[in-house]
Amino acid sequence: MTSDEETVGDDRPPAPGKAATLLRSLHVPGDPLVLPNAWDAASARAVVEAGFPVVATGSAAVAPVLGYEDGEGTPAAEMMAAIGRIARAVPVPVTADVERGYGLPPAELVERLLAAGAVGCNLEDSDPRTGELVDPGRQADFLAGVRAAAGPRLVINARVDTYLAGDGTRQEAVRRARRYLDAGADCVYPIGANDEKEIERLVAEVGAPVNVLFRPGTPPLSRLAELGVARVSFGHGLHGAAHAYTKRLIQAIAEGRDPYA
């Protein structure tokens with residue numbers, strides 16, 4: 001059996017080209033790819049053990065684990081090394097949140113992602129250091145460069161930050177989303193949109209796979225499926241909850257109490 005003929009059912013990761021194809025195929029409107037974002041090899045293995053077919057990282061979760069602030073505070077080499085450890089630990093496709101690319105030119109970003117074992121990436125359209133939106137033409141050019149360098153080997157999830165850093169209008173989110181899709185993105189991620197009617201209209205107007213961030217107040221997964229969402233991410237939410245729980249355990253010890261009671 002050649003590497004291109006390997007299946008995903010055993011304990012080996014699929015060949016890169018096949019893994020990207022599988023990841024892309026799982027973006028189905030109405031039957032969304034659900035991604036409980038991981039932050040290290042152990043949490044990634046837990047995702048796979050629970051039966052999820054893909055592992056996604058979240059930069060806001062990985063950064064503090066590595067001792068850095070989110071917002072591209074993590075050196076690119078350290079983030080890629082962390083992605084590599086996760087990819088080596090699981091036999092499923094890995095998609096990595098790499099903020100806006102850590103200042104790397106598209107070809108180098110693609111080379112380093114693929115070397116780390118990732119077959120997908122999130123790329124946001126605001127400056128992680130300032131929080132300001134990037135000109136959509138400039139972002140489209142960047143995404144086109146990533147697509148040209150990667151070909152079909154990388155699934156690009158283009159984050160649209162207008163609900164966080166822009167005017168919050170659906171019109172602007174859709175305008176940017178369509179531009180990024182034209183530049184080669186496979187999916188768009190209007191992060192911050194969690195109103196049911198807004199999600200429904202976004203999905204209809206974008207006309208391509210849409211990623212929604214699941215957070216308190218977001219419609220249930222079953223309803224997101226009914227709305228036509230193709231991908232659901234949990235971002236740094238799970239890590240945040242796990243870290244808060246750990247802090248409570250440690251505080252109990254500091255107070256002389258049984259942390260397991």
Side-chain angles (χ1 to χ4, degrees), residues 13-14 16 19-20 23 35-48 52 54-132 134 139 142-143 145-147 149-150 153-159 161 164-165 185 189 191 211 213 233-247 250:
L23 174 58
L35 299 169
N37 298 69
W39 53 90
D40 59 12
S43 57
R45 287 186 176 123
V47 169
V48 174
F52 292 94
V54 172
V55 166
T57 71
S59 69
V62 175
V65 169
L66 298 177
Y68 299 97
E69 296 293 328
D70 192 34
E72 295 199 347
T74 308
E78 292 201 39
M79 183 58 74
M80 295 298 170
I83 294 166
R85 286 191 292 273
I86 289 170
R88 290 193 298 272
V90 296
V92 300
V94 170
T95 179
D97 178 2
V98 289
E99 306 198 53
R100 201 170 174 269
Y102 300 97
L104 300 174
E108 184 179 353
L109 176 62
V110 168
E111 179 183 5
R112 293 175 76 163
L113 278 168
L114 294 174
V119 295
C121 67
N122 278 15
L123 290 166
E124 59 200 53
D125 69 347
S126 60
D127 185 327
R129 292 170 174 80
T130 66
E132 296 180 358
V134 174
Q139 182 69 0
F142 178 65
L143 293 171
V146 172
R147 173 55 68 214
R153 297 175 296 169
L154 203 64
V155 177
I156 300 173
N157 189 34
R159 211 176 86 174
D161 288 0
L164 301 182
Y189 184 10
I191 189 169
N211 186 167
L213 174 67
S233 301
F234 281 74
H236 70 284
L238 297 180
H239 174 260
H243 186 63
Y245 179 65
T246 301
K247 289 175 70 175
I250 294 169

Minimum-distance pair of heavy atoms, taken over all atoms of [X] and [Y]:
| X | Y | result |
| --- | --- | --- |
| Val47 | Pro36 | CG2-O, 3.3 Å |
| Thr74 | Ala63 | OG1-CB, 3.5 Å |
| Pro106 | Ala149 | O-CB, 4.3 Å |
| Met79 | Val62 | SD-CG1, 3.6 Å |
| Pro93 | Ala19 | CG-O, 3.7 Å |

What is the distance from atom [atom1] of [X] to atom [atom2] of [Y], rounded to the nearest 0.5 Å?
| X | Y | atom1 | atom2 | answer |
| --- | --- | --- | --- | --- |
| Asn122 | Asn157 | CG | CG | 4.5 Å |
| Ile191 | Asn211 | CD1 | CG | 8.5 Å |
| Thr57 | Arg85 | OG1 | CZ | 12.0 Å |
| Leu113 | Leu123 | CG | CG | 8.0 Å |
| Met80 | Ile83 | CE | CD1 | 5.0 Å |
| Ile156 | Phe142 | CD1 | CZ | 9.0 Å |

* To do: Verify, without hydrogens or angle tests, whether Asp125 (side chain) and Val134 (backbone) share a donor-acceptor contact under 3.5 angstrom.
  =>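 Answer holds: no.
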* Asked: Counting N and O atoms only, with roles assigned by atom type, does the side chain of Arg153 sit under 3.5 Å from a partner on the main chain of Ala150, one being a donor and the other an acceptor?
  ->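 Yes, Arg153 side chain to Ala150 backbone: donor-acceptor pair under 3.5 Å.
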Is the shortest side-chain heavy-atom distance between [X] and [Y] below 4.5 Å?
| X | Y | value |
| --- | --- | --- |
| Leu238 | Trp39 | yes |
| Pro91 | Val48 | yes |
| Glu124 | Val98 | no |
| Ile86 | Val55 | yes |
| Glu78 | Tyr68 | yes |
| His239 | Pro64 | yes |
| Ser233 | Asn37 | yes |
| Val94 | Val119 | no |

* Decide yes or no on side chain to side chain contact (heavy atoms under 4.5 Å, CB included) for His236 and Asp70, but give the supporting numbers first. => CA-CA 10 Å; His236 70 284; Asp70 192 34; over 6 Å; no
* Verdict with reasoning, Leu164 to Arg159, per side chain to side chain contact (heavy atoms under 4.5 Å, CB included) -> CA-CA 11 Å; Leu164 301 182; Arg159 211 176 86 174; 4.3 Å; yes
* To do: Please lay out, stage by stage, how Val54 and Leu35 fare under the test side chain to side chain contact (heavy atoms under 4.5 Å, CB included).
  => CA-CA 7 Å; Val54 172; Leu35 299 169; 3.7 Å; yes
* Asked: So with a 6.0 Å cut-off around CD of Glu108, is the heavy-atom count from everything else above 12?
  ->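 Check passes, neighbour count above 12.
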* To do: State which residue, out of Pro128, Ser126, Ser59, fulfils the side chain to side chain contact (heavy atoms under 4.5 Å, CB included) condition with Arg100.
  => Pro128
* To do: Before accepting this row, confirm whether a basic side-chain N of the pair Arg129/Glu72 lies closer than 4.0 Å to the acidic partner's carboxylate O.
  => yes
